[in-house]
Amino acid sequence: MTWLEPILLTIVTASTPLLLAALGELICERAGVLNLGVEGMMIIGAVCGFAVAHTTGSMSLGVIAAVVCSMIMSLLFGFLTLHLLCNQVATGLALTILGLGLSGLIGESFIGEPGHKLPQLELPFLSELPYVGRLLFAQDALVYISILGVILVSFVLFRTRLGLIIRATGDNHRSAHALGYSVRKVRYGAVLFGGACSGLAGAYLSLAYTPQWTEGMTAGRGWIALALVVFASWRPLRLLLGAYLFGAVSVLQFHAQAYGIALPSQLMSSLPYIVTIFVLVIISGNKQLTKINTPACLGKPFRPDR
Amino acid sequence: MRTLLKLATAAAISLGVSAGMALAKDKVKVGFIYVGPVSDHGWSYQHDQGRKAIEEHFGDLVETTYIESVSEGPDAERAIERLARSGHDLIFTTSFGFMNPTIKVAKKYPKIKFEHATGYKRAKNVSTYGSRFYEGRYVLGQMAAQISKSGTAGYIGSFAIPEVVRGMNAFMLGAQSVNPEFKIKTVWVNSWYDPGREADAAKALIDQGVDIMVQHTDSPAPLQVAQERGIKGFGQASDMIKFAREAQTTAIVDYWDAYYIARVRAVLDDTWSSTDTWGGFDKEMVHLAPFTNVSQEVAVKSSQTRDAIQSGQLQVFQGPIIKQDGTVFLKEGEIASDKQLLGMNFFIKGIDDKLPE
């Protein structure tokens with residue numbers, strides 16, 4: 001058991017940023033907006049979080065800054081796609097490119113500055129439980145937020161009126177509009193939520209995962225988050241499973257290598273991606289399954305006529 | 001009066017022109033192409049340190065420019081040509097993938113001098129240069145074997161290319177010179193730069209009981225993990241002491257300053273010719289960061305080893321060396337040729353890991 005605990009802890013660390021970013025994108029896509037700018041928003045979150053935490057010395061201010069800055073990025077995306085009805089795919093890609101470039105500019109003076117790590121919040125008594133105590137109850141705040149976020153999103157999406165409205169907007173924006181809901185407002189909300197979550201994911205990278213700022217440190221995690229949403233067929237609990245599966249595969253392959261199990265490392269590195277493609281093939285092969293879950297208006301612009 | 005004016009203008013123009021010509025001769029314009037951002041705190045950063053060293057050394061005699069984050073491919077050719085067209089006399093292209101574009105542009109501009117890092121294609125106006133980083137890794141191996149209590153180092157590799165394999169073998173040779181039973185556990189992350197994955201790999205290695213961390217990837221993340229878990233490690237490409245004050249024992253630092261200054265000097269003196277330079281400690285192209293967090297004994301022995309390699313007294317790859325599969329690589333006393341080193345694609349005896357194919 002003692003050897004298992006550190007492995008599981010590493011898996012939690014590897015999975016959390018994916019889960020956070022994917023959770024935001026899930027809500028976004030449920031409302032019918034495809035935001036491919038996750039990577040860009042995430043890295044802006046990472047750099048702003050690091051910069052503010054480093055300058056002020058306050059970790060919570062850093063996290064807040066990350067959330068706010070990523071939300072500003074997502075607001076830009078919202079304005080372009082929801083107001084000006086730009087193509088969502090192209091705008092999302094542009095957002096990623098913008099984010100990557102802008103983050104380099106902002107972060108220039110923070111390169112090579114050592115960072116501080118988010119403190120672990122140890123819940124009294126619970127963290128002393130044998131076996132699972134440290135694993136479940138001695139993590140940093142963002143890990144708790146990611147797990148609570150899944151539960152909350154799942155609850156809101158399927159058990160509340162607000163969730164119904166979000167899903168209706170994503171599935172049929174004309175009807176939602178006809179029923180008197182402001183499609184644009186709902187989508188703005190979803191896009192902003194997506195930005196906030198990407199910001200948290202970015203903050204997790206630069207303040208907890210590897211407490212430092214270096215250019216391009218997201219290294220494609222935003223794209224994995226996007227794939228995860230499809231992998232999870234737009235269901236929050238499956239997203240939790242997917243993110244941890246992904247994290248587990250990428251961490252376990254390192255352990256296998258260090259243990260001397262002779263597996264080709266290139267194959268191992270690509271395993272998470274192969275699994276994603278495999279799942280994509282399975283779910284898109286099954287028309288019924290795709291139809292039930294894919295938001296019908298995903299990526300389609302909406303112009304309120306009246 | 002009119003003729004006088006004309007004469008005066010003519011004189012002024014000719015003066016101006018000759019002044020301009022004199023300037024062009026005295027002043028060397030040096031351009032750099034980097035594959036990454038200057039701020040990567042690793043490979044490109046160190047090349048840019050070299051550029052700054054030139055400016056500092058020559059002052060008004062040089063003018064330098066650089067283009068950063070140039071991807072290896074058609075973009076590179078355009079970037080190099082841009083520098084060539086804007087009147088640069090000497091252009092450094094600092095990544096392996098710039099080899100063919102450099103040769104191509106050099107053909108079009110025979111008067112301009114080019115320097116390509118880590119490549120093997122030369123021309124009349126194209127030199128190549130590289131660095132024997134493996135010499136530093138030998139010292140690291142010796143240190144690791146002295147510091148480690150478990151006798152096992154964790155080694156994070158990027159890609160199984162000769163450069164990395166050579167480094168691993170050199171490290172092992174160094175370690176074996178202290179402790180013949182020394183072992184390494186290897187993890188390949190298949191990336192030069194991904195802080196998250198590098199950190200995960202470091203954690204996996206430490207979980208499996210290694211107590212010293214070596215990396216051939218560029219981010220300081222593994223060293224940070226080492227510090228967090230209370231073990232020691234080595235920095236890569238640049239001095240990473242700021243990231244791990246209690247963990248970094250030394251770092252292999254790419255050091256181009258001396259070479260760059262020498263090459264610019266050659267252009268100024270008009271003695272530049274196409275050369276192939278592969279230098280290590282001897283040519284000051286590899287540096288070791290100050291020894292920290294180690295005993296006096298280790299530090300002294302390490303600097304002695306460093307000096308011995310520098311003076312040529314100690315050869316890193318000198319026989320007898322047996323390959324992993326038991327065949328002989330070098331007989332007693334035999335020294336590896338550069339060709340053998342450049343194409344190294346096997347592990348030496350003592351490394352248990354299988355080379356990924």
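Everything numeric here is computed off the predicted structure, so don't read it as measured data. For the numbers below, each heavy atom of this structure counts, side chains included, while hydrogens, waters and symmetry mates do not. Each chain gets a letter, A, B and so on, in the order the sequences are listed, and its residues count up from 1.
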S.K.: Heavy-atom pairs under 4.5 Å with chain A - which of B:S69, B:G196, B:S191, B:G36 has more of them than the others?
M.R.: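 Among B:S69, B:G196, B:S191, B:G36, the one with the most close pairs to chain A is B:G196.
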S.K.: A:Q139 and A:Q120: side-chain donor and acceptor closer than 3.5 Å?
M.R.: no
S.K.: Below 4.5 Å, heavy-atom pairs only: which of B:A199, B:S219, B:P220 has the largest tally toward chain A?
M.R.: B:P220
S.K.: Evaluate salt bridge (Lys or Arg N to Asp or Glu O under 4.0 Å) for A:R221 paired with B:D194, printing each intermediate quantity in order.
M.R.: CA-CA 10 Å; A:R221 284 186 180 73; B:D194 180 341; 3.3 Å; yes
S.K.: Aromatic contact between A:H54 and A:F50, with the criterion being ring centroids under 6.0 Å apart: yes or no?
M.R.: yes
S.K.: For B:D211 versus B:S148, what's the shortest heavy-atom pair and its separation?
M.R.: OD1-OG, 2.6 Å
S.K.: Work out which heavy atom in B:F182 is nearest to a heavy atom in B:A145; give both atom names and the distance.
M.R.: CE1-CA, 3.6 Å
S.K.: What part of B:V189 lies closer than 4.5 angstrom to a heavy atom of chain A: side chain, backbone, both or neither?
M.R.: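 Both parts, backbone and side chain.
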S.K.: Keeping B:Q46 on the side-chain end and B:Y255 on the backbone end, is there a donor-acceptor pair under 3.5 Å?
M.R.: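 Pair absent, no side-chain N/O of B:Q46 close to backbone of B:Y255.
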S.K.: Side chain, backbone, both or neither: which part of A:T218 has an atom under 4.5 Å from a heavy atom of chain B?
M.R.: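 Nothing of A:T218, per the 4.5 Å heavy-atom cut-off to chain B.
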S.K.: If you tally heavy-atom pairs under 4.5 Å against chain B, which of A:G104, A:G107, A:P114 wins?
M.R.: A:P114
S.K.: So which of B:V225, B:D353, B:D207 has the largest heavy-atom pair count under 4.5 angstrom toward chain A?
M.R.: B:D207
S.K.: Could you please spell out the steps behind the salt bridge (Lys or Arg N to Asp or Glu O under 4.0 Å) verdict for B:R197 and B:D200?
M.R.: CA-CA 5 Å; B:R197 287 173 64 81; B:D200 288 344; over 6 Å; no
S.K.: How about B:K349: does its NZ atom have over 12 heavy atoms from other parts shown lying under 6.0 Å from it?
M.R.: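 Atom NZ in B:K349 is not packed in, count stays at 12 or less.
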S.K.: Checking B:F32 against B:Y260 for the ring pair (Phe, Tyr, Trp, His ring centres under 6.0 Å) test, could you report, in this order, the C-alpha distance in whole Å, the side-chain angles of both residues, the deciding distance, and whether it holds?
M.R.: CA-CA 11 Å; B:F32 288 83; B:Y260 285 172; 5.3 Å; yes
S.K.: Heavy atom to heavy atom, less than 4.5 Å: which residues from residues 236-248 of chain B reach chain A?
M.R.: B:K242, B:F243
S.K.: Measure distances from B:E228 to the heavy atoms of chain A and classify the residue's part below 4.5 Å as side chain, backbone, both or neither.
M.R.: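 Contact with chain A is through the side chain of B:E228 alone.
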S.K.: Which word best sums up how the rings of B:H47 and B:W256 line up, parallel for under 30°, tilted for 30 to 60°, or perpendicular for over 60°?
M.R.: parallel
S.K.: Among A:E113, A:M217, A:K117, single out the residue with the greatest number of heavy-atom pairs under 4.5 Å to chain B.
M.R.: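 Greatest number of close heavy-atom pairs with chain B: A:K117.
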S.K.: Below 4.5 Å, heavy-atom pairs only: which of A:L9, A:L205, A:T214 has the largest tally toward chain B?
M.R.: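 Top option by heavy-atom pairs under 4.5 Å: A:T214.
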S.K.: Can you tell which of B:I147, B:L205, B:I206, B:I212 makes a side chain to side chain contact (heavy atoms under 4.5 Å, CB included) with B:I231?
M.R.: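 Filter result, single survivor: B:I206.
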S.K.: If you count heavy-atom pairs under 4.5 Å between each of B:G209, B:A201, B:A221 and chain A, which one has the most?
M.R.: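 Most pairs with chain A among the choices: B:A201.
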S.K.: When you measure from the side chain of A:T16 to the backbone N and O of A:T13, does any donor-acceptor pair fall under 3.5 Å?
M.R.: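 Between the backbone of A:T13 and the side chain of A:T16 there is no qualifying donor-acceptor contact (under 3.5 Å).
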S.K.: Restricting to non-hydrogen atoms, name the atom on B:V210 and the atom on B:K185 that form the minimum distance, rounded to 0.1 Å.
M.R.: CG1-CD, 3.8 Å
S.K.: If you count the non-hydrogen atoms of other residues, nucleotides and ligands that lie under 6.0 Å from CZ in B:R82, is the total more than 12?
M.R.: no
S.K.: For A:I43 and A:G99, work out which heavy atoms get closest and say how close.
M.R.: CG2-O, 3.5 Å
S.K.: Under 4.5 Å, heavy atom to heavy atom: which of residues 150-157 of chain B reach chain A? Give them by number, or say none.
M.R.: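 So far as heavy atoms go, nothing in residues 150-157 of chain B approaches chain A to under 4.5 Å.
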S.K.: Chain B heavy atoms under 4.5 Å from A:P17: which part of the residue, side chain, backbone, both or neither?
M.R.: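 When you check distances to chain B, no heavy atom of A:P17 falls under 4.5 Å.
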